[in-house]
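Each remark here refers to the structure printed beneath this line.
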Amino acid sequence: MTTPESKIKAKVKKLLKDHGVYWLMPVQNGMGAPALDFHCCHQGRYFGIETKAGNKRPTPRQEITMNDIRLAGGLAFLIVPVDPLSPQI
């Protein structure tokens, strides 16, 4: 079943592949450190990506994980769809 979020993830995968980014999507099973949807490395830089569809936002645990990545010197991104017909802030 294709979900709105899986469509976003497919686009992110293509973008990462097109730019030669090493990436992985860890499977969460409740053990170990929490993870975002994508963990990536490109040209020596580490970054994490969380994807959301619709008006969904990161969970508090995902926000903490994103902050921990930033505190460790990495980058963390939130990818959300943009409605081209709605005004942007």
Side-chain angles (χ1 to χ4, degrees):
M1 176 179 201
T2 303
T3 65
E5 190 167 309
S6 69
K7 292 177 184 177
I8 296 168
K9 288 178 182 178
K11 290 179 182 181
V12 171
K13 288 177 190 177
K14 182 179 181 334
L15 180 70
L16 296 174
K17 181 179 178 185
D18 289 351
H19 289 279
V21 176
Y22 170 80
W23 59 271
L24 62 98
M25 295 177 70
V27 176
Q28 294 292 291
N29 62 5
M31 300 176 67
L36 301 179
D37 291 330
F38 294 86
H39 289 256
C40 312
C41 186
H42 186 254
Q43 297 181 348
R45 292 290 298 187
Y46 174 84
F47 57 98
I49 300 172
E50 182 62 31
T51 59
K52 294 293 177 189
N55 60 358
K56 293 185 179 177
R57 304 301 303 164
T59 65
R61 184 173 176 163
Q62 290 166 335
E63 290 281 2
I64 290 168
T65 301
M66 293 171 79
N67 190 52
D68 287 348
I69 289 170
R70 291 178 182 123
L71 288 173
L75 301 171
F77 301 100
L78 174 63
I79 306 294
V80 296
V82 176
D83 179 354
L85 300 178
S86 69
Q88 302 300 310
I89 297 175

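Residue indices begin at 1 and follow the sequence shown. Note that this is a predicted model, so its numbers are computed, not measured.
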**Prompt:** What do the steps show when you test Thr51 against Phe38 for side chain to side chain contact (heavy atoms under 4.5 Å, CB included), and what is the final call?
**Reply:** CA-CA 9 Å; Thr51 59; Phe38 294 86; 4.1 Å; yes
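- For the atom pair NZ (Lys56) and CD (Glu5), the distance works out to 6.5 Å, reported to the nearest 0.5 Å.
- The salt bridge (charged side-chain N to carboxylate O under 4.0 Å, His left out) search around Lys14 returns Asp18, not counting sequence neighbours.
- In this structure, the side chain of Glu50 engages the main chain of Asp37 through a donor-acceptor pair within 3.5 Å.
- Aromatic ring pairs are classed by plane angle as parallel below 30°, tilted from 30° to 60° and perpendicular above 60°; the pair His39 and Tyr46 is tilted.
- Residues Ala53 and Pro81 share a closest heavy-atom pair of CA-CD, 4.1 Å.
- Considering Val12, Leu24, Val21, Leu75 in turn, Val21 is the only one that fulfils the side-chain contact (heavy atoms from CB on, under 4.5 Å) rule with Cys40.
- Across all non-hydrogen atoms, the minimal contact from Lys52 to Pro58 is CE-CA, 3.7 Å.
- Atom OG1 of residue Thr65 and atom CD1 of residue Ile69 lie 6.5 Å apart, to the nearest 0.5 angstrom.
- Note: the hydrophobic cluster containing Leu16 does not contain Leu36 (ILVMFWY, side chain heavy atoms under 4.5 Å, direct or indirect links).
- Residues Arg70 and Ala76 share a closest heavy-atom pair of NH2-O, 2.8 Å.
- The NZ atom of Lys13 lies 12.0 Å from the CD1 atom of Ile49; values are rounded to the nearest 0.5 Å.
- Atom-to-atom distance recorded for Ile79:CD1 and Leu15:CG is 8.0 Å, nearest 0.5 angstrom.
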